[in-house]
Amino acid sequence: MSLAEEFVAFLKKYQVIGLAVAFIMGVTATKVVTAAVNDLIMPIIAALLPGGDWKTAVLQLGPVKFLVGDFAGVLLEFVIIALVIFMIVKYLMKEDATEKR
């Protein structure tokens, strides 16, 4: 078996092309969900909180600055993104489960 034939067999056996397509779609979907959170959900949260610019909050302990606002913002974005992805996957899996019956 030549190297080219082995390579083609590898691509077919491990479905590398499908994996690559799924990866690219996942990256793109992540960008869409991140944009939705940053552009639609986070402004609502910022408007509901007093001061509005809570992502710039800093905790100063002597010479050390802890960017607690930035950390809280990233943590909140992660939770919201994870929740949105969970809801999308749950909906898609429910559709998939009903088709198999």
Side-chain angles (χ1 to χ4, degrees):
M1 186 181 269
S2 71
L3 183 61
E5 291 172 341
E6 284 184 60
F7 183 66
V8 170
F10 167 79
L11 292 177
K12 288 179 181 178
K13 180 178 180 181
Y14 294 106
Q15 301 175 357
V16 175
I17 303 300
L19 181 61
V21 169
F23 177 78
I24 292 169
M25 292 298 294
V27 168
T28 305
T30 300
K31 288 180 183 180
V32 170
V33 172
T34 301
V37 168
N38 290 336
D39 300 338
L40 302 175
I41 297 173
M42 294 308 283
I44 294 170
I45 292 173
L48 295 175
L49 295 174
D53 197 16
W54 56 278
K55 283 190 170 187
T56 60
V58 176
L59 175 64
Q60 179 104 25
L61 296 175
V64 179
K65 288 184 180 180
F66 294 101
L67 305 175
V68 293
D70 183 54
F71 177 74
V74 170
L75 186 63
L76 185 59
E77 287 173 14
F78 169 77
V79 169
I80 293 169
I81 289 170
L83 180 64
V84 169
I85 290 174
F86 169 75
M87 290 174 12
I88 290 170
V89 169
K90 185 175 178 178
Y91 174 76
L92 291 176
M93 291 301 171
K94 181 179 82 172
E95 292 289 321
D96 191 34
T98 57
E99 288 178 8
K100 289 181 181 176
R101 289 182 186 172

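We count residues from 1, following the sequence as given.
Every residue two or more places apart in sequence or in another chain that forms a side chain to side chain contact (heavy atoms under 4.5 Å, CB included) with Val64 is listed here: Phe66. Checked against side chain to side chain contact (heavy atoms under 4.5 Å, CB included), Phe78 has no partners two or more places apart in sequence or in another chain.
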Residues 2-24, side-chain donor-acceptor partners within the protein, below 3.5 Å, at least two apart:
| residue | atom | partner | partner atom | Å |
| --- | --- | --- | --- | --- |
| Ser2 | OG | Glu5 | N | 3.3 |
| Glu5 | OE1 | Ser2 | N | 3.1 |

Which atom pairs, one a donor and one an acceptor, fall under 3.5 Å between side chains of residues 29-46 and the rest of the protein, sequence neighbours left out?
| residue | atom | partner | partner atom | Å |
| --- | --- | --- | --- | --- |
| Thr30 | OG1 | Gly26 | O | 2.8 |
| Thr34 | OG1 | Thr30 | O | 2.8 |
| Asn38 | ND2 | Thr34 | O | 3.4 |

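Residue Leu67 shares its hydrophobic cluster (ILVMFWY side chains chained together at separations under 4.5 Å) with Val58. Taking a 4.5 Å side-chain heavy-atom cut-off between Ile, Leu, Val, Met, Phe, Trp and Tyr, the cluster of Leu83 extends to Phe86, Met87. Residue Phe71 is found in a hydrophobic cluster whose other members, listed by chain and number, are Leu75; membership requires side-chain heavy atoms under 4.5 Å apart, directly or through intermediates.
Counting only residues at least two apart or on different chains, no side-chain hydrogen bond (donor to acceptor under 3.5 Å, both in side chains) pair has a member in residues 79-88. Applying the side-chain hydrogen bond (donor to acceptor under 3.5 Å, both in side chains) definition to pairs two or more places apart or across chains, those involving residues 65-85 are Lys55-Glu77.
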